[in-house]
Amino acid sequence: MKARTIFLSGLLLPLLSFGQKHFDFNNNCRQAYQSIIQLRLEEGGRLLEAEKKRDPANLIPYFLDNYIDFFQLFFNEDPVLYQAAKNRLDQRIGLMSEGPESSPFNLFTRSIIHFQWAAIKIKFGSNWDAGWEFRRSFLQSKECEKKFPAFGPARMLSGAMQVVAGTIPDGYKWLSSLLGIRGNVEGGMVQLESFLEAGDLSREAGDVARAGRDSWAELYSDEAIFYYLYLQFYIRNKHEEVFQFIRQHKLDVKNNHLFTYLYANLSLNDHRSALAEQIISQMNEAPVYMDMPVWDLEMGYARLNHLDPAAAGYLERFLQRFKGTVLCKGCFGKAELVLLFKRGPAEG
């Protein structure tokens, strides 16, 4: 009888645990995340749907769904998609809360989602709501870092947020302190740098040695690099160091469209229009990547900086295809400038 009970327990326990909400960042989810972070969103989405069918109680695919929403809204600013995604936000946050509190992902997933929605709401002009999203993310990332000090991704996010919070003007720091937001630019950058170093060690290690390395730092390295280089460029104003990093680490700016955008956008903002044009011209244009009208905007600006009349075609196509408003504000005037340039003074 006792042996039978043990046998039945061995059969039932896996079934019971399978039905309980849990966080399993398995190989399927890792592949999906890597596809999404490179802006191959449809491919990543298919992998997530397959994982949901395989293990409906795994919360990681639902967490990664937010990355898809984030990239679509951040780059394309579609107001219809914004309303639909905003309606899913509370449900998604609630779902993450159902995961085991013993896992760092209970806090980390919610912190990332709030962080991404802070950026989205700024894009759509909801600055007050964005501030509250940032506060929630900041506090959750700090709590996650405190409870799970060995969990590197919490350190990555906390470091990036500390840098951003460290730029709050002195006149408003009393308010940020009251809300529990205390920033430190140098301290945050040190956290990001240590996280990136751990990822480099993981990639350089052999198969045996890799088991003792930080596999999370390796997985999240592309995302961390994106945060790090933008903060290094705009907050620390270390432009040349950013371009050196891209070259030295041989970032895949052809096949990873997140890096393509990063490199082209920073090149434009550093008055390196020829380099930006070269980057966009050489990127992988396979249909597996997210459709982004912003490529026309970036190319149009690069051509315009060289007084190339072809800039008009890119800017006009961007205005026809782009559904948002933020990026259009500066584009209308520049498109008109190019058209005047094309017509010449006799027609003006």
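These figures come from a predicted structure and were not determined experimentally.
A ring-centre distance under 6.0 Å is found for Tyr228 and Phe245.
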Mind listing the side-chain donor-acceptor pairs of residues 66-76 below 3.5 Å, one per line with the distance, residues two or more places apart or on another chain?
| residue | atom | partner | partner atom | Å |
| --- | --- | --- | --- | --- |
| Asn66 | OD1 | Arg92 | NH1 | 2.8 |
| Asn66 | OD1 | Trp117 | NE1 | 3.1 |
| Asn66 | ND2 | Gln116 | OE1 | 2.7 |
| Tyr67 | OH | Glu223 | OE1 | 2.9 |
| Tyr67 | OH | Glu223 | OE2 | 3.2 |
| Asp69 | OD1 | Arg88 | NH2 | 3.1 |
| Asp69 | OD2 | Arg88 | NH2 | 3.1 |
| Asp69 | OD2 | Arg92 | NH1 | 2.9 |
| Asp69 | OD2 | Arg92 | NH2 | 3.3 |
| Asn76 | ND2 | Asp291 | O | 3.1 |

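In this model, no donor atom of one side chain and acceptor atom of the other lie less than 3.5 Å apart for Asp252 and Gln38. Judged by distance alone, the side chains of Ser35 and Arg40 do bring a donor and an acceptor atom under 3.5 Å apart. Under the 3.5 Å distance criterion, with hydrogens and angles disregarded, a donor-acceptor pair is assigned to the side chains of Gln162 and Gln191.
Rounded to the nearest 0.5 angstrom, Leu297 CG and Phe318 CZ are separated by 4.5 Å.
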>> Checking Phe259 against Ile279 for the side chain to side chain contact (heavy atoms under 4.5 Å, CB included) test, could you report, in this order, the C-alpha distance in whole Å, the side-chain angles of both residues, the deciding distance, and whether it holds?
In response: CA-CA 10 Å; Phe259 284 164; Ile279 295 161; over 6 Å; no
> What do the steps show when you test Tyr220 against Phe195 for ring-ring contact (aromatic ring centres under 6.0 Å, His included), and what is the final call?
Replying inline: CA-CA 9 Å; Tyr220 275 93; Phe195 183 77; 7.1 Å; no
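At least one donor-acceptor pair under 3.5 Å links the side chain of Asn87 to the backbone N or O of Gln83.
Two residues are said to be in side-chain contact when any heavy atoms from C-beta on lie closer than 4.5 Å; Asn58 and His22 meet this criterion.
By the side-chain contact (heavy atoms from CB on, under 4.5 Å) test, Gln282 is found to be paired with Gln278, residues two or more places apart in sequence or in another chain being considered.
Using the six-membered ring where Trp is involved, Trp132 and Trp128 have ring planes that are perpendicular, over 60° apart on the 30 and 60° scheme. Between Phe105 and Phe25, the ring planes are tilted. Angles from 30° to 60° get that label.
Of the charged side-chain nitrogens involved, none lies within less than 4.0 Å of a carboxylate oxygen, so that Glu49 and Arg46 do not count as a salt-bridged pair. Classification of Glu101 and Arg110 as a salt-bridged pair fails, no side-chain N sitting under 4.0 Å from a carboxylate O.
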